[in-house]
Amino acid sequence: MEKRLYRYDNTFTFEDGGSIPFLEVAYHCSEGDPRGRKVIWICHALTADSNAQDWWPHIVGPGLLIDTQKYFVICCNMVGSCYGSSGPSSENPSTGKPYYFDFPRVTVRDMIRAYDLVRQDLGIEKIDILVGASIGGFQALEYSIMYPDVIGRAIYIATLPRVTPWLTGFEESQRMALEADPSFRECKSLDGGKEGLKCARSIALLSYRCEDGYNIKQKEDDPDVMFAGRAASYQRYQGAKLAARFDAYSYWYLSYSVDSENIGRGRGGVEAALGMIKCPVIVIGIDSDVIFPAYEMKEMARILNAPYFEIKSHFGHDGFLVESQQIEKIVRANIKDL
């Protein structure tokens with residue numbers, strides 16, 4: 001897949017208020033022209049980028065389930081992220097410095113309006129298959145509702161139509177971690193808040209995984225260890241790993257985009273909004289997911305009158321990244337022309 005950059009040279013106004021003089025959206029896509037080819041559009045999760053082949057290596061790529069040579073595959077980087085799309089770490093043309101907190105707050109609906117500008121620019125009339133997992137599922141649900149005549153079929157994985165208080169609690173705890181780092185509010189450089197970001201990632205990781213996986217993977221090898229430290233080391237490693245590739249300001253903004261998601265807002269409630277989805281849908285849950293529980297995904301599938309399938313995993317919500325074989329089996333059995 002090749003990386004491209006779309007630029008919208010007009011004022012882009014955000015749902016929550018505020019605007020920027022132009023909008024940029026980074027995206028990865030198959031080489032060549034999409035016209036005359038089946039289009040598969042992937043929506044990515046919170047801190048991933050638009051290179052789906054990188055973070056979903058057993059699902060996306062030549063000869064795989066989502067074949068980047070056979071189909072025109074595209075994934076856009078979220079507005080508010082730091083991987084090429086406009087966000088708080090982008091240069092504010094009026095100051096020559098990063099926007100930091102002067103960037104407007106971003107909702108999932110803002111992201112979809114930006115994505116659809118890319119779609120139109122590429123001349124894509126129909127998205128044959130729309131795929132979204134986790135926060136990418138929030139985007140896929142909104143895309144299905146906002147542009148129902150564009151979407152041919154959708155696959156929603158480990159997601160829900162509205163953010164839950166439980167998930168918002170995790171998001172706020174992560175923002176508190178960022179704000180506890182004195183350098184975060186100083187806005188002197190994009191390295192601000194790095195220590196807070198490490199802590200925020202540690203908090204997030206507990207929601208992405210589950211007790212079962214930790215007890216298997218982080219079990220102490222020494223039966224006589226005095227102070228258990230393997231899981232502690234893992235938390236610190238994962239925090240440092242994210243802080244090395246992401247910035248705290250983008251993370252803070254994206255956490256609020258998570259909290260913005262409620263497909264029923266202004267549409268008569270969640271059930272009414274789900275009724276606006278016209279395309280055939282597949283819903284895939286994960287048995288050990290603690291932030292998008294399987295029972296809630298079953299209820300969404302019921303309202304959609306859509307088939308529901310469940311992945312078994314020791315790794316909680318992150319099962320959508322890990323359990324590639326199960327996902328492939330479900331999708332191939334239910335979408336015959338893939």
Side-chain angles (χ1 to χ4, degrees), residues 3-29 41-51 74-124 132 135-136 138-140 142-143 145-147 150 163 171 174-175 178-179 183-193 197 245-263 265-266:
K3 187 174 183 178
R4 300 182 187 177
L5 182 68
Y6 166 77
R7 180 174 167 122
Y8 178 68
D9 283 312
N10 293 288
T11 300
F12 186 87
T13 303
F14 291 80
E15 184 184 10
D16 189 45
S19 64
I20 52 177
F22 62 87
L23 173 76
E24 291 183 327
V25 180
Y27 64 99
H28 279 76
C29 64
W41 194 295
I42 301 169
C43 299
H44 72 76
L46 194 71
T47 58
D49 61 12
S50 56
N51 188 1
I74 179 170
C75 179
C76 290
N77 181 229
M78 293 187 288
V79 177
S81 182
C82 57
Y83 286 127
S85 292
S86 296
S89 58
S90 303
E91 182 180 299
N92 183 341
S94 66
T95 65
K97 299 178 181 179
Y99 277 100
Y100 296 116
F101 298 107
D102 290 331
F103 198 79
R105 199 172 297 191
V106 185
T107 68
V108 176
R109 296 182 191 181
D110 292 324
M111 295 174 185
I112 300 309
R113 289 192 298 113
Y115 294 174
D116 207 62
L117 291 171
V118 176
R119 178 189 68 81
Q120 294 175 52
D121 183 65
L122 289 170
I124 297 172
I135 311 309
F138 282 178
Q139 298 162 52
E142 284 288 357
Y143 213 152
I145 294 167
M146 292 171 69
Y147 302 94
V150 170
V163 66
E171 298 302 318
Q174 292 169 67
R175 289 189 289 266
L178 296 175
E179 291 161 2
S183 67
F184 182 58
R185 287 288 178 180
E186 291 175 354
C187 300
K188 292 182 178 179
S189 80
L190 291 176
D191 285 331
L197 181 57
R245 67 174 177 87
F246 218 77
D247 73 76
Y249 303 98
S250 297
Y251 198 88
W252 191 82
Y253 269 84
L254 292 182
S255 77
Y256 274 113
S257 73
V258 172
D259 286 353
S260 79
E261 182 53 3
N262 172 11
I263 65 167
R265 174 167 41 84

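These figures come from a predicted structure and were not determined experimentally.
At a threshold of 4.5 Å between non-hydrogen side-chain atoms, the residues Tyr27 and Val118 count as touching. Residues Gln174 and Val258 are not in side-chain contact: their nearest non-hydrogen atoms beyond the backbone lie 4.5 Å or more apart. Taking the side chain as every heavy atom from C-beta outward, Pro104 and Phe12 never approach each other to under 4.5 Å. In this structure, Arg245 and Thr47 have side chains that are in contact, with non-hydrogen atoms separated by less than 4.5 Å. At least one side-chain heavy atom of Leu23 sits less than 4.5 Å from a side-chain heavy atom of Val79. Within the 4.5 Å cutoff, the side chain of Ile263 has heavy atoms near those of the Glu261 side chain. Side-chain contact between Thr13 and Thr11 is present, with at least one heavy-atom pair separated by less than 4.5 Å. At a threshold of 4.5 Å between non-hydrogen side-chain atoms, the residues Pro88 and Phe101 do not count as touching.
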- [ ] Check the pair Tyr251, Phe184 against ring pair (Phe, Tyr, Trp, His ring centres under 6.0 Å), reporting the backbone distance first and the verdict last.
- [x] CA-CA 12 Å; Tyr251 198 88; Phe184 182 58; over 10 Å; no
Open item on the list: For Tyr100 and Lys188: C-alpha separation, side-chain torsions, deciding distance, then whether side chain to side chain contact (heavy atoms under 4.5 Å, CB included) applies.
Closed with: CA-CA 10 Å; Tyr100 296 116; Lys188 292 182 178 179; 5.8 Å; no
Open item on the list: Pair Ser81, Leu254 - check side chain to side chain contact (heavy atoms under 4.5 Å, CB included), show working.
Closed with: CA-CA 7 Å; Ser81 182; Leu254 292 182; 4.2 Å; yes
- [ ] Test Lys97 against Glu91 for side chain to side chain contact (heavy atoms under 4.5 Å, CB included), laying out the working first.
- [x] CA-CA 5 Å; Lys97 299 178 181 179; Glu91 182 180 299; over 6 Å; no
TODO: Could you go through the ring pair (Phe, Tyr, Trp, His ring centres under 6.0 Å) check for Tyr253 and Tyr249 one step at a time?
DONE: CA-CA 6 Å; Tyr253 269 84; Tyr249 303 98; 8.6 Å; no
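For Ser85 (side chain) and Ala26 (main-chain N/O), a donor-acceptor pair under 3.5 Å exists by modelled atom type. No donor-acceptor pair under 3.5 Å is formed between the side chain of Arg109 and the backbone N or O of Met146. Judged by distance alone, with hydrogens and angles left aside, the side-chain atoms of Thr107 form no donor-acceptor pair with the main-chain N or O of Glu15 at under 3.5 Å.
Between Glu142 and Arg265, none of the side-chain N atoms (NZ, or NE/NH1/NH2) sits under 4.0 Å from a carboxylate O, so this pair counts as no salt bridge.
Tyr115 and Gln139 share a side-chain donor-acceptor pair at under 3.5 Å.
Residues passing the salt bridge (Lys or Arg N to Asp or Glu O under 4.0 Å) test with Glu179, sequence neighbours excluded: Arg185. Evaluation of the salt bridge (Lys or Arg N to Asp or Glu O under 4.0 Å) rule for Asp116 yields Arg119 as partners, not counting sequence neighbours. Every residue meeting the side chain to side chain contact (heavy atoms under 4.5 Å, CB included) condition with Ser255, not counting sequence neighbours, appears here in chain and number order: Glu171, Arg175.
Cys76 approaches His44 most closely through the heavy-atom pair O-CD2, 3.1 Å.
For the atom pair Leu197 CG and Ser183 OG, the distance stands at 10.5 Å (nearest 0.5 Å).
With Phe14 as the aromatic partner, Arg105 does not meet the cation-pi criteria of under 6.0 angstrom to the ring centre and within 45 degrees of the ring axis.
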